[in-house]
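Every heavy atom of this structure was used, including side-chain atoms; hydrogens, water molecules and symmetry mates were not.
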Amino acid sequence: MKLPEKFILRYEKIIPEFTLFLKSLEKKRKLSIRINSLKVNKRMMEEILKKYDYESITFYPYAFRLKSERDEFSIGNTLEHFLGYIYVQDIASMIPPIVLEPKKYEKVLDLTAAPGSKTTLISAIMENTGLIVANDINIDRLKALTGNIDRMGCLNVVITNLHGERFGNLFPEYFDKVLLDAPCSSEGTISKNYEVLNHWNELYINKMAKIQKNLIISAFKSLKKDGILVYSTCTFAPEENEGVIDFLLRRYDNALLEEINIPGIKTCEGITEWEGFKNEELKRCVRIYPHYNECEGFFIARIRKLP
Amino acid sequence: MKKIIKYFKEEFDIDEEVFKDYQFYEYKDNIYIMTEEAKNFDCEKIIRKGIRIARIVKNGIKPTTDGIQIFGYYAKKNIIYLNEEDLKKVLLGQDLHLELEIPEGYKILFYKNYPIGIGYFRNKKLKNQIPRSRRINLIDI
Ligand SMILES: C[S@@+](CC[C@H](N)C(=O)[O-])C[C@H]1O[C@@H](n2cnc3c(N)ncnc32)[C@H](O)[C@@H]1O
């Protein structure tokens with residue numbers, strides 16, 4: 001794979017052990033699965049796992065990394081997949097819902113939710129109680145989300161098709177938790193999807209950052225006092241990550257950036273200085289790199305809305 | 001929505017208890033099941049709340065595959081247990097011929113302890129009801 005020179009120049013400064021990072025992109029990554037606790041009890045889980053060679057994941061008891069080579073297609077044709085007992089999901093993509101810590105009977109907003117990998121996990125953590133509003137602007141992607149909700153048996157989800165930018169005004173201070181798993185330039189998925197690089201350029205990054213800033217304002221407004229907002233992307237660009245968080249922190253005095261600790265995952269601190277911002281606080285954001293965790297690249301920030 | 005609870009009790013002997021944490025909502029011949037909080041949430045451009053548990057059809061009510069995969073566990077009658085070979089056929093969308101002397105109607109299909117979905121049994125033929133989008137070529141049990 002040939003990475004654009006600009007990409008290399010940009011990221012060799014940011015990504016630690018850059019050569020290892022580059023090497024990790026070449027490697028075919030093992031799949032990971034999540035057992036759906038809405039439908040599967042402990043005994044059934046043991047039964048299902050007998051068929052797999054796996055390794056447990058510390059931060060979530062229902063998450064497993066498969067050790068043997070399995071492709072998504074073959075897993076899609078198993079009985080346990082048909083029944084909605086398992087969901088194929090990258091380990092990194094399971095982290096934002098864990099950091100969100102949704103509780104039973106809460107009201108949760110998943111502002112950009114399709115195809116619902118995180119929605120269905122939030123639903124499982126909430127044990128099918130309360131409310132999750134799963135919103136997305138893209139109706140085709142919502143079809144995939146609906147399919148996943150049906151298969152996983154989520155009874156606490158309302159699916160909406162609105163511009164995420166509108167929620168702040170439509171539902172001010174309404175939700176206990178909000179997840180903004182923002183649309184982004186997807187650099188963190190390069191190893192799975194080389195096409196990401198076809199439209200990679202700095203203009204695109206800046207365009208995404210603008211969208212993300214509007215979405216995060218809406219997300220924050222829709223949050224109750226003392227509520228938690230988790231912002232995540234699968235990209236490395238500081239403009240789309242720390243830059244967006246810095247923008248929110250500067251705009252709202254009552255936005256508090258909290259520490260994140262994910263057992264078993266090696267995280268790196270957020271970047272504190274880049275073109276356009278300089279802020280020591282941003283260290284509390286976390287960056288998850290593929291070469292340290294055998295997963296996609298991810299950025300996660302957790303913000304509390306102070307009363 | 002007493003009628004849907006009554007239907008599951010009468011047809012499959014599923015206790016009312018099983019549905020106590022959820023609410024029903026009927027829209028255009030579809031019956032959806034969801035939490036109370038989901039039912040009470042209102043806004044424009046809602047695509048769906050909860051999941052569709054049944055449809056209202058000519059001869060009564062027809063449970064969905066998705067609904068059965070959640071609540072089928074609690075059924076105590078009108079059940080058919082499939083062997084591995086028949087399971088594969090059902091998941092491919094095929095009908096089955098079964099030498100059974102049982103009344104006509106919707107049956108919950110089980111493989112081992114797992115509720116797979118629904119089938120319509122009539123004259124020794126089990127008519128497939130697995131939605132096209134859910135059908136698979138089972139390669140591994
Ligand atoms: C990274 S993906 C979300 C993945 C999803 N959270 C999951 O885990 O399955 C970003 C989503 O944002 C949606 N999106 C983009 N712009 C949006 C907007 N202005 N309002 C709402 N959704 C938007 C896209 O359609 C896309 O589905």
For chain B, which candidate among [options] shows the most heavy-atom pairs at distances under 4.5 Å?
options	answer
A:Leu142, A:Ile75, A:Val133	A:Val133
A:Leu131, A:Asp150, A:Thr160	A:Asp150
A:Asn156, A:Val157, A:Leu83, A:Ile149	A:Leu83
A:Met152, A:Lys107, A:His81, A:Met44	A:Met44

Step-by-step side chain to side chain contact (heavy atoms under 4.5 Å, CB included) determination, B:Ile70 to A:Leu38: CA-CA 9 Å; B:Ile70 304 174; A:Leu38 293 179; over 6 Å; no
[X] versus [Y]: any side-chain heavy-atom pair under 4.5 Å?
X	Y	result
A:Val158	B:Cys43	no
B:Thr35	A:Tyr105	no
B:Arg48	A:Thr146	yes
A:Thr78	B:Ile136	no

Pick one of side chain, backbone, both or neither for [X], based on which atoms fall under 4.5 Å of a heavy atom in chain B.
X	result
A:Asn128	both
A:Leu170	side chain
A:Glu47	side chain
A:Ile139	side chain
A:Ser123	neither
A:Arg166	side chain

Would you say [atom1] of [X] has more than 12 non-hydrogen atoms from neighbouring residues, nucleotides or ligands within 6.0 angstrom?
X	atom1	answer
A:Tyr252	OH	yes
B:Asn113	CG	no
B:Lys9	NZ	yes
A:Lys103	NZ	yes
A:Lys210	NZ	no
A:Lys42	NZ	no
B:Glu16	CD	no
B:Glu17	CD	no

Parallel, tilted or perpendicular: ring planes of B:Phe41 versus A:Phe175, cut at 30 and 60 degrees: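 Rings of B:Phe41 and A:Phe175: tilted, 30 to 60°.
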Proximal component of [X], with respect to chain A [non-hydrogen, under 4.5 Å]:
X	answer
B:Tyr22	side chain
B:Tyr32	neither
B:Leu91	side chain
B:Glu36	neither

Inter-residue atom distance A:Ile159.CD1 - B:Ile46.CD1, 0.5 Å rounding: 10.5 Å
From CG (A:Leu79) to CD (B:Glu84), nearest 0.5 Å: 9.5 Å
Test side chain to side chain contact (heavy atoms under 4.5 Å, CB included) applied to B:Arg134 and A:Arg151, step by step: CA-CA 9 Å; B:Arg134 293 289 301 276; A:Arg151 190 171 64 84; 3.8 Å; yes
Trace of the side chain to side chain contact (heavy atoms under 4.5 Å, CB included) decision for B:Arg135 with A:Phe82: CA-CA 8 Å; B:Arg135 293 176 189 173; A:Phe82 168 78; over 6 Å; no
Any residue meeting side chain to side chain contact (heavy atoms under 4.5 Å, CB included) with B:Leu92, in chain and number order, not counting sequence neighbours: B:Gln94, B:Asn137
Derivation of the side chain to side chain contact (heavy atoms under 4.5 Å, CB included) call for B:Ile139 and A:Ser74: CA-CA 7 Å; B:Ile139 50 170; A:Ser74 81; 3.7 Å; yes
B:Asp42: partners by salt bridge (charged side-chain N to carboxylate O under 4.0 Å, His left out), with sequence neighbours left out: none
